[in-house]
Amino acid sequence: MTIRSTRRTALLLCIGAFLAIAPAYAQDYPNRPIRIIVPFPPGGLNDNVTRTIQPLLQQKLGQPVVVENKPGASGIIGTDAVAKAAPDGYTLLVVASSHTVTPATNAHLPFDTEHDLTAVSLLVRDPFLFVGGAKVQAKTLRDFVALAKAQPGKLTYATPGTDSQSHFVTELFDQRASIKMLEVPYRGGAPSVLSLISGETDFAVLSTQLSGPQIKAGKITALASGGRTRSPHFPDVPTLAEQGYDMEVLQWVGMLAPGKTPKPIVAKINAALREVLSDPEVVKKLEAQGVTASASTPEEFQTLIAAEIKQWKEVAQAIGVKPR
């Protein structure tokens, strides 16, 4: 037997052994506490969603589930910790949709977003809302686009920061609508909302959590919903598609695991999450936060992540944003 054939035989034996062990390992999972890392400070959407599902998730899995905030570098530090963790199902990650923007803006990520992490399930999802400022004389998105075309480069849009998801979504819409607005970046979502209320800016793409209370108070105007179907929180607001724009832009929160986590373990966590996210009390608590419970298969979530990474890289290239 040659050295090459010996090595090949050894490799096949190792693969066979792993395939034999993996199902048994999954049957034993979990047998100790599970840690969920939230790569942002307490109090944000990721954190709130995670802590909402945590009590019932640990009940379904039969082991303590500990939530750990590990903020820093716009989520990169906590995400990297999970990407480099043992792929055994005991270290998990909860990220928001901004996770798919990061590869378009950061050329030196310490992990491969698509390969060093694997999708477990979506947790919540909701359409972004396209809103007009207090001084804008438009009640629909079509009206707003007509105003923008009549004043090219004059209308402004607020963002929680340059290179944020809101920034990229607005630039994508500019492309689709053939208009050009000027970005006014702020340090966070709250100041951007205040700029709309004061009339300092004309437009923004914001989450339901940020814009919802001000829309209901009549201080700003909801022009469109970014989903394929209308927002359950604002059922009277027409979608982008209803107004002639074929695009979908969602805010979501989802759970990931290290990249080589065995599929049977991912499937077991996914099954537990499906039960948690269909619980009426959990659904009610999430609705109160302005988001909708939305479990998915791992494959569906992985497909969504890959599609969004590709889309935001294309937008970045189109507007001249180079990864730094």
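The basis for the numbers below is simple: all heavy atoms, side chains too, and nothing from hydrogens, waters or symmetry mates. In this chain, residues are counted from 1 in sequence order.
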Of all the heavy-atom pairs spanning [X] and [Y], show the shortest one and how long it is.
| X | Y | result |
| --- | --- | --- |
| Pro298 | Val120 | CG-O, 3.4 Å |
| Gln243 | Ala224 | NE2-CB, 3.4 Å |
| Leu122 | Trp252 | CD2-CB, 3.7 Å |
| Leu277 | Ala293 | O-CB, 3.5 Å |
| Ala138 | Asp143 | CB-CB, 3.8 Å |
| Ala295 | Arg274 | CB-CG, 3.9 Å |

Check: So Phe144 and Thr221, side-chain contact (heavy atoms from CB on, under 4.5 Å) or not? Walk me through it.
Finding: CA-CA 11 Å; Phe144 182 84; Thr221 304; over 6 Å; no
Check: When you check the side-chain N and O atoms of Thr162 and Glu183, is any donor under 3.5 Å from an acceptor?
Finding: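 Yes.
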Notebook entry, point to check: Would Glu171 and Tyr157 count as having a side-chain donor-acceptor pair, cut-off 3.5 Å?
Noted result: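 There is such a pair between these side chains.
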So, [X] side chain and [Y] main chain: donor-acceptor pair closer than 3.5 Å or not?
| X | Y | result |
| --- | --- | --- |
| Glu308 | Thr100 | no |
| Tyr90 | Asn31 | yes |
| Glu200 | Ala158 | no |
| Gln302 | Ala119 | yes |
| Asp174 | Met181 | yes |
| Thr156 | Leu182 | no |
| Lys70 | Ala81 | no |
| Ser195 | Ser192 | yes |
| Ser225 | Val237 | no |

With a 4.5 Å cut-off on side-chain heavy-atom distances among I, L, V, M, F, W and Y, is there a chain of contacts connecting [X] to [Y]?
| X | Y | answer |
| --- | --- | --- |
| Leu210 | Val291 | no |
| Ile220 | Val145 | no |
| Leu196 | Phe173 | no |

Drop me the distance from [X]'s [atom1] to [Y]'s [atom2], to the nearest 0.5 angstrom.
| X | Y | atom1 | atom2 | answer |
| --- | --- | --- | --- | --- |
| Ile265 | Asn270 | CD1 | CG | 13.5 Å |
| Gln289 | Asp126 | CD | CG | 11.0 Å |
| Arg35 | Leu93 | CZ | CG | 10.5 Å |
| Leu256 | Asp116 | CG | CG | 11.5 Å |
| Gln251 | Thr208 | CD | OG1 | 6.5 Å |
| Trp312 | Thr102 | CH2 | OG1 | 12.5 Å |

Margin query: Tell me whether the count of non-hydrogen atoms from other residues, nucleotides or ligands lying under 6.0 Å of CD in Gln317 goes above 12.
Written below: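 For Gln317, atom CD is not crowded (no more than 12 foreign heavy atoms under 6.0 Å).
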Next item on the list: Please say whether more than 12 non-hydrogen atoms of neighbouring residues, nucleotides or ligands are located less than 6.0 Å from NZ in Lys84.
Entry: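 Atom NZ in Lys84 is packed in, count exceeds 12.
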Would you check if [X] and [Y] make a side-chain contact, meaning some heavy-atom pair closer than 4.5 Å?
| X | Y | result |
| --- | --- | --- |
| Asp279 | Glu275 | no |
| Phe203 | Val136 | no |
| Phe40 | Val95 | no |
| Glu287 | Thr292 | yes |
| Asp163 | Phe168 | yes |
| Thr140 | Pro238 | no |
| Thr201 | Tyr186 | yes |
| Gln54 | Ile36 | no |

What I want to find out is whether [X] reaches [Y] closely enough, with some N-O distance under 4.0 Å, to be called a salt bridge.
| X | Y | answer |
| --- | --- | --- |
| Asp88 | Arg32 | yes |
| Lys285 | Glu281 | no |
| Arg228 | Asp246 | yes |

Note to self: Pair Gln214, Val131 - check side-chain contact (heavy atoms from CB on, under 4.5 Å), show working.
What the structure shows: CA-CA 10 Å; Gln214 307 307 329; Val131 298; over 6 Å; no
